[in-house]
Amino acid sequence: MKSVRKTIKLFLLLGLVSVGVNTYRNNPTVRMATNDSISTLKEKNINLRR
């Protein structure tokens, strides 16, 4: 029974990741927001090093 639950969890996680990747690839708004967030994090990281 545990192996069945583990398999179901893995497939659900895989499905969630694939939906996220498809959304990122096909939705320009999501892509722009993600890139903006990454840029902001990089800027904060550079400022923390100083």
*Just jot down the side-chain contact (heavy atoms from CB on, under 4.5 Å) partners of Val21, sequence neighbours excluded, or say none.*
Val17, Arg25

_My understanding is that a hydrophobic cluster links ILVMFWY residues whose side chain heavy atoms are under 4.5 Å apart, including indirect links. Using that, what else belongs to the cluster containing Ile8?_
Val4, Leu12

*In Å, rounded to the nearest 0.5 Å, how long is the span from CE of Met1 to NZ of Lys6?*
14.5 Å

*Just how far is it from atom OH of Tyr24 to atom CG of Asn35, taken to the nearest 0.5 Å?*
4.5 Å

*asked:* I'd like to know if the side chain of Asn27 and the backbone of Thr23 have a donor-acceptor N/O pair within less than 3.5 Å.
replied: no

_Using the side-chain contact (heavy atoms from CB on, under 4.5 Å) criterion, which residues pair with Thr40? Sequence neighbours excluded._
Asp36, Lys44

